[in-house]
Chemist: 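Structure below; questions to follow.
Atom set for the values below is all heavy atoms of this structure, side chains included, hydrogens, waters and symmetry mates excluded. The chains referred to below are lettered A, B, ... by the order of the sequence lines, with proteins before strands, and numbering in each begins at 1. Bear in mind that the values here come from a model prediction, so they are computed numbers and not experimental data.
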Number of protein chains: 2
Amino acid sequence: MRMTHQREIILQELKMAKDHPTADELFQRVRKHLPKISLGTVYRNLEILAEAQTIQKIEVGGRQKRFDGNPMPHYHVRCVQCGRVDDVPVGRIKALDSMALKPHGYKILDHHLEFTGICPACQEKGLLQHNKTLT
Amino acid sequence: MRMTHQREIILQELKMAKDHPTADELFQRVRKHLPKISLGTVYRNLEILAEAQTIQKIEVGGRQKRFDGNPMPHYHVRCVQCGRVDDVPVGRIKALDSMALKPHGYKILDHHLEFTGICPACQEKGLLQHNKTLT
DNA sequence: TTATTTGCAAAAACTTTGCTGATAA
DNA sequence: TTATCAGCAAAGTTTTTGCAAATAA
C-alpha cells in the first residue's frame, strides 16, 4: 500500500476527528487541504484503510456508513435526530458473545452494541424549539 | 389507517416470515399473491406499519434495511456472508442502557445489540467449497 | 363522498467502478 | 520503471416521492 498524499490527509483528518464522519463529511474536511480530491478517492481509501485495519467502518444503524480512526473494537452511541456518532467509554463485554451461542446453529464471530439517544446539541435545540412554542 | 388488500398481504407475509426480509425480498414474496403490486407500495407500507409499531425496522449493519414482523424489541444475529438475519432467543439486558449514561451528555433512549457470524447454510457452503479445493 | 392509498415512473441519496493520466517506491 | 493510485464521470444500488386513478370506510 502506497502512502499517497491523499491517503495521508484522509487518514490524518479521520484520526483527528472527534466524531465519526460519513465518507462525504470527511470529503468536505479533506477538501480544505486538497481542493482537487474527489469523493471516489475518499471512498476508495476508506475501504482500503479499513481492509488494512488501520481504521474501521462502523457497523451500525443509520442511513450512511460511518468511519472511525480507531481500529480497536468499541461501542458507539448515535443521535437519532442528527445522526452524530460518538464513542461509549466502556470496554467490550466478552460475556455477550457466549449469550448468542444458542441460536439456530450460527457460528458467532462478533457483536456490535449501539446505543441510541439524543446528543447534547440536539437536546439544546429541542429546548429552544420548546421555549419558542411556549412564547 | 386503512386496511387495504396490499397492506394486509404485506403484513401477513412479514408476520409469517421466519427470516427478516429486506423490502425487496418481501416485495418478491408479496408479488406471488399480488402480481401488480409495486415496490414503492411495499416501502410505503413498511414505513407506515413500523411507525404504527405493528412491525419494526431493524437498525443494524448491512447494506439494506430489514424488517421484522415482531414489534417487541429483541436482539438479532446477522450472517456476514449472505446477510440473513435471525432472532437471538435472549431477553433484553436492561443493565446495558445504564452503562452508557456517562458519555458526552447524551440522553440514552435505547440500545441495539447485533451479533455477526456465519449461518448454518453458509457454514455448509464453506465446507463444500473447502472439500472441493481439497479434491 | 372523500381522504387515503396505489401503480408507475422519475428522482434522490449513497456508493462503486471503468478509464486514462499521474505518481510512489 | 512500473504497479498502484487519483480524478472524473458514468453507472449501480437502495429508497423516496409526485401524480393521476382507484378504493376503503
Chemist: Would you name the heavy atoms of B/R78 and B/E114 that are closest together and state the gap between them?
Modeler: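 B/R78 and B/E114 have their closest heavy atoms at NE-OE2, 2.7 Å.
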
Chemist: At their closest point, which heavy atom of B/D110 faces which heavy atom of B/D97, and how far apart are they?
Modeler: C-OD1, 3.6 Å

Chemist: Starting from P on D/dA22, measure out to CD1 on B/I37 and report it in whole angstrom.
Modeler: 17 Å

Chemist: How close or far is atom P of D/dA6 from atom CE of A/M3, stated in whole angstroms?
Modeler: 10 Å

Chemist: Among C/dC8, D/dC8, C/dC14, which nucleotide has an atom closest to any side-chain atom of B/S38?
Modeler: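 Nearest to the side-chain atoms of B/S38, counting from C-beta on, is C/dC8.
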
Chemist: Measure the shortest side-chain to side-chain distance between A/V90 and A/L113 over non-hydrogen atoms and say whether it is less than 4.5 angstrom.
Modeler: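 Heavy-atom side-chain distance check fails, nothing below 4.5 Å.
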
Chemist: At less than 4.0 Å, is any side-chain N or O atom of B/Y43 found next to OP1 or OP2 of D/dT16? Yes or no.
Modeler: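 Checking B/Y43 against D/dT16: no side-chain N or O falls below 4.0 Å of OP1 or OP2.
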
Chemist: Could you give the CD1-to-C1' distance, from B/I10 to C/dG7, as a whole number of Å?
Modeler: 12 Å

Chemist: Nearest whole Å is fine: how far is C/dG7 C1' from B/F27 CZ?
Modeler: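 It works out to 10 Å between those atoms.
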
Chemist: Going by the angle between their ring planes, with limits at 30° and 60°, are A/H76 and A/H20 parallel, tilted or perpendicular?
Modeler: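 Ring orientation of A/H76 relative to A/H20: perpendicular.
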
Chemist: B/T41 side chain N/O closer than 4.0 Å to the phosphate oxygens (OP1, OP2) of C/dT5?
Modeler: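 False: B/T41 side-chain N/O out of range (4.0 Å or more) of C/dT5 OP1/OP2.
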
Chemist: Is there side-chain contact between B/E59 and A/T116, with at least one heavy-atom pair below 4.5 Å?
Modeler: no

Chemist: Counting just side-chain N and O atoms, does A/Q6 come under 4.0 Å of either OP1 or OP2 of D/dG7?
Modeler: yes

Chemist: To the nearest Å, give me how far apart CZ (A/R44) and P (C/dT17) are.
Modeler: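 It is 10 Å, rounded to the nearest whole Å.
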
Chemist: Rounding to an integer number of Å, can you tell me how far A/I9 CD1 sits from C/dT23 C1'?
Modeler: 16 Å

Chemist: Would you tell me if any nitrogen or oxygen in the side chain of A/R7 comes within less than 4.0 Å of OP1 or OP2 on D/dC5?
Modeler: yes

Chemist: Atom NE2 of B/H5 and atom C1' of D/dA25: how far apart are they, to the nearest Å?
Modeler: 17 Å

Chemist: Among the nucleotides C/dA25, D/dG7, C/dT6, which one has an atom lying closest to any side-chain atom of A/R2?
Modeler: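 Given the options C/dA25, D/dG7, C/dT6, the side chain of A/R2 is closest to C/dA25.
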
Chemist: I want to check one thing: is the phosphate of C/dT16, taken as OP1 and OP2, less than 4.0 Å away from some side-chain N or O of A/K65?
Modeler: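 The answer is yes; a side-chain N or O of A/K65 sits under 4.0 Å from OP1 or OP2.
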
Chemist: Can you tell me if A/T4 touches the phosphate of D/dA6, counting only side-chain N or O atoms and a distance under 4.0 Å to OP1 or OP2?
Modeler: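 For D/dA6, OP1/OP2 do have a side-chain N/O of A/T4 under 4.0 Å.
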
Chemist: Look at all strands and tell whether A/N45 reaches a base, only sugar-phosphate, or nothing, counting heavy atoms closer than 4.0 Å.
Modeler: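 Result for A/N45 = sugar-phosphate.
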
Chemist: Have a look at A/R63 and say if it touches a base, only the backbone sugar-phosphate, or nothing, with a 4.0 Å heavy-atom cut-off.
Modeler: sugar-phosphate

Chemist: By nearest heavy atom, map B/M1 and B/A23 onto DNA chain D; which one lands nearer the 5' end?
Modeler: B/A23

Chemist: Rounded to whole angstrom units, what separation is found between the CZ atom of B/R31 and the P atom of C/dT6?
Modeler: 16 Å

